[in-house]
Protein chains: 2
Amino acid sequence: MHRGGKPCCRRGGGSGGGALVEPAALAALARQGGHGYDLRREIRELTGGELDVDAGGLYRVLRRLEEDGFVTSAWAEGGSGPQRRDYEITEEGRELAQDWVAHLRERQRMSGLLADALSSALGNDDDRTNKEG
Amino acid sequence: MHRGGKPCCRRGGGSGGGALVEPAALAALARQGGHGYDLRREIRELTGGELDVDAGGLYRVLRRLEEDGFVTSAWAEGGSGPQRRDYEITEEGRELAQDWVAHLRERQRMSGLLADALSSALGNDDDRTNKEG
DNA sequence: TACACTATATGTCTCATACATATAAATGTC
DNA sequence: GACATTTATATGTATGAGACATATAGTGTA
């Protein structure tokens with residue numbers, strides 16, 4: 001789902017970057033809400049095209065978030081085209097999103113820490129080229 | 001496995017930070033090799049105690065890395081105490097580790113990017129407190 | 001004997017994701 | 001009208017990564 005950047009380290013499917021869809025969905029919802037198909041586009045735009053989440057996965061995440069009270073949804077009334085379900089973030093959802101911010105920063109830190117450790121263990125004399133991001 | 005920092009976002013077990021054990025193991029191996037139990041301690045030290053990997057998981061990772069030619073191992077001869085298997089990284093392992101560095105930097109960037117997006121969507125006026133890590 | 005520490009290993013569960021596919025309604029094209 | 005494409009939601013299934021529990025031995029010690 002990463003688009004750009006080789007699949008790298010022996011991954012066929014599955015996890016690899018760890019939990020990006022949920023926070024991305026929450027970010028899109030916090031900005032403006034809307035229906036799933038549109039949220040997906042919004043995520044692409046928010047991340048400059050770097051994160052293109054799986055549609056099926058996104059819908060599953062949205063329904064689970066609703067089950068747990070972090071978003072609400074309803075079938076959009078009127079309008080042409082296929083039925084669409086509009087999502088809105090709740091106050092609890094905002095709190096969850098706030099937790100995610102801290103969590104993502106921690107992940108960011110840990111990724112950098114490990115990258116530095118690996119790099120120095122390999123004898124790369126401090127190639128922090130991409131450091132920070 | 002994170003120790004320090006709440007479990008956060010609805011996780012019981014499983015993925016959540018995404019692939020840390022393998023690169024951590026490679027870092028420890030690149031520094032000095034050794035047996036599994038010791039590598040685990042080494043990982044703890046490399047990360048200032050922030051990453052304390054599951055022992056069972058570490059052994060599984062080591063054996064898979066060996067299957068794929070990224071490390072070699074042999075039962076240590078002599079010595080007292082329970083048998084131990086000594087691991088060494090191969091040239092291919094070093095190349096894999098090098099790929100991991102790039103991959104981790106990308107993850108670091110993506111985590112920061114998402115954290116910023118979420119934070120700004122929530123109306124936090126640029127609280128990049130923990131930014132960079 | 002009982003306990004703790006070292007050391008390796010397997011079982012089982014959850015979480016997060018990728019890829020494939022099913023379903024419909026509308027829209028465009030021939 | 002027939003057909004493909006786009007919008008939109010949804011399920012099936014497989015893989016990967018990790019958490020927690022537990023099994024197994026050897027070794028030292030109270």
Side-chain angles (χ1 to χ4, degrees), chain A residues 1-3 7-25 34-43 51-68 73-76 78-87 100 103-104 107 110 114, chain B residues 1-3 7-25 34-43 51-66 68 73-76 78-87 100 103-104 107 110-111 114:
Chain A
M1 126 258 247
H2 245 134
R3 312 299 184 209
C8 182
C9 307
R10 285 111 46 63
R11 279 173 293 107
S15 193
L20 296 167
V21 177
E22 181 171 310
H35 58 285
Y37 199 84
D38 223 49
L39 290 171
R40 193 181 166 216
R41 195 176 298 131
E42 170 87 359
I43 289 170
L51 188 60
D52 187 21
V53 306
D54 177 65
L58 178 58
Y59 290 118
R60 264 192 272 247
V61 162
L62 288 170
R63 266 176 298 132
R64 201 195 47 200
L65 284 170
E66 182 168 29
E67 260 179 56
D68 296 347
S73 80
W75 289 108
S80 66
Q83 290 234 290
R84 44 164 95 172
R85 186 173 275 280
D86 280 314
Y87 287 91
W100 264 114
H103 192 248
L104 287 166
R107 185 189 299 172
M110 180 61 75
L114 263 183
Chain B
M1 127 260 247
H2 246 134
R3 312 298 185 210
C8 182
C9 309
R10 285 114 43 66
R11 279 173 293 108
S15 192
L20 296 168
V21 176
E22 181 172 311
H35 59 286
Y37 199 84
D38 224 50
L39 289 171
R40 194 181 166 216
R41 197 176 296 131
E42 170 87 0
I43 289 169
L51 187 60
D52 187 21
V53 305
D54 177 64
L58 178 57
Y59 290 119
R60 264 192 272 247
V61 162
L62 288 170
R63 266 177 298 131
R64 202 195 46 199
L65 285 170
E66 182 168 27
D68 296 347
S73 80
W75 288 109
S80 65
Q83 291 235 289
R84 42 165 96 172
R85 186 173 274 281
D86 280 314
Y87 286 92
W100 264 113
H103 192 247
L104 287 165
R107 185 188 298 170
M110 180 60 77
S111 300
L114 263 183

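Each chain gets a letter, A, B and so on, in the order the sequences are listed, and its residues count up from 1. Any value given below was found using the heavy atoms of this structure, including those in side chains, with hydrogens, waters and symmetry copies removed.
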Subject >> Polar side-chain atom of B/Arg84 near backbone of B/Asp38 as donor-acceptor pair, under 3.5 Å >> reply: no
Original post:
Between A/Arg60 and A/Gly81, which has a closest nucleotide on DNA chain C that is more 5'?
Top reply: A/Arg60
**OP:** Take atom CH2 of A/Trp75 and atom P of D/dT7, then tell me their distance rounded to the nearest Å.
**Re:** 18 Å
Original post:
In whole angstrom, what separates B/Leu114's CG from C/dT17's C1'?
Top reply: 15 Å
Original post:
D/dA8, C/dT8, D/dA19: which one has an atom nearest the side-chain heavy atoms of A/Pro82?
Top reply: D/dA8
Original post:
OP1 or OP2 of D/dA10 sitting under 4.0 Å from any side-chain N/O of A/Tyr59?
Top reply: no
Original post:
So, for A/Tyr59 and A/Gly36, which heavy atoms are closest and what is the spacing to 0.1 Å?
Top reply: CE2-CA, 3.8 Å
Subject >> Length of the line joining A/Tyr37:OH and C/dA25:P, which is rounded to integer Å >> reply: 17 Å
Subject >> Stepwise salt bridge (charged side-chain N to carboxylate O under 4.0 Å, His left out) check, A/Asp54 with A/Arg40 >> reply: CA-CA 8 Å; A/Asp54 177 65; A/Arg40 193 181 166 216; over 6 Å; no
**OP:** Take B/Tyr87 and B/Arg63, measure what side-chain contact (heavy atoms from CB on, under 4.5 Å) needs, and give me the verdict at the end.
**Re:** CA-CA 10 Å; B/Tyr87 286 92; B/Arg63 266 177 298 131; 4.1 Å; yes
Original post:
Where the side chain of A/Arg84 is defined as all heavy atoms beyond and including C-beta, which of C/dA9, D/dA8, C/dA16 is the nearest nucleotide?
Top reply: D/dA8
Original post:
Is any side-chain nitrogen or oxygen of B/Arg63 closer than 4.0 Å to OP1 or OP2 of C/dT10?
Top reply: yes
Original post:
So what does A/Gly57 hit on the nucleic acid, given a heavy-atom distance under 4.0 Å: a base, only sugar-phosphate, or nothing?
Top reply: nothing
Original post:
So which nucleotide from C/dT6, D/dA8, C/dT17 ends up closest to the side chain of B/Arg41?
Top reply: C/dT6
Subject >> Nearest-nucleotide pick for A/Arg64, side chain only, options being C/dA16, C/dA26, D/dA10 >> reply: C/dA16
Original post:
Could you give the CG-to-P distance, from B/Asp54 to C/dT14, as a whole number of Å?
Top reply: 17 Å
Original post:
Rounded to the Å, how far apart are B/Leu104 CG and D/dA17 P?
Top reply: 13 Å
**OP:** Apply side-chain contact (heavy atoms from CB on, under 4.5 Å) to the pair B/Leu20 and A/Leu114, showing each step before the final yes or no.
**Re:** CA-CA 8 Å; B/Leu20 296 168; A/Leu114 263 183; 3.6 Å; yes
Original post:
Taking atom P of D/dA8 as reference, at what distance in whole Å does atom OH of A/Tyr87 sit?
Top reply: 14 Å
**OP:** Taking only the side-chain heavy atoms of B/Arg85 (C-beta and beyond), determine which of C/dA9, D/dC20, C/dA7 contains the nearest atom.
**Re:** C/dA9
**OP:** Between D/dG18, C/dA25, C/dA9, spot the one nearest the side chain of B/Ala19, thanks.
**Re:** D/dG18
Original post:
Whole Å only: how far is the CD atom of B/Gln83 from the P atom of D/dT27?
Top reply: 10 Å
Original post:
Once you round it to whole Å, what is the distance between C1' of C/dT10 and CG of B/Leu62?
Top reply: 15 Å
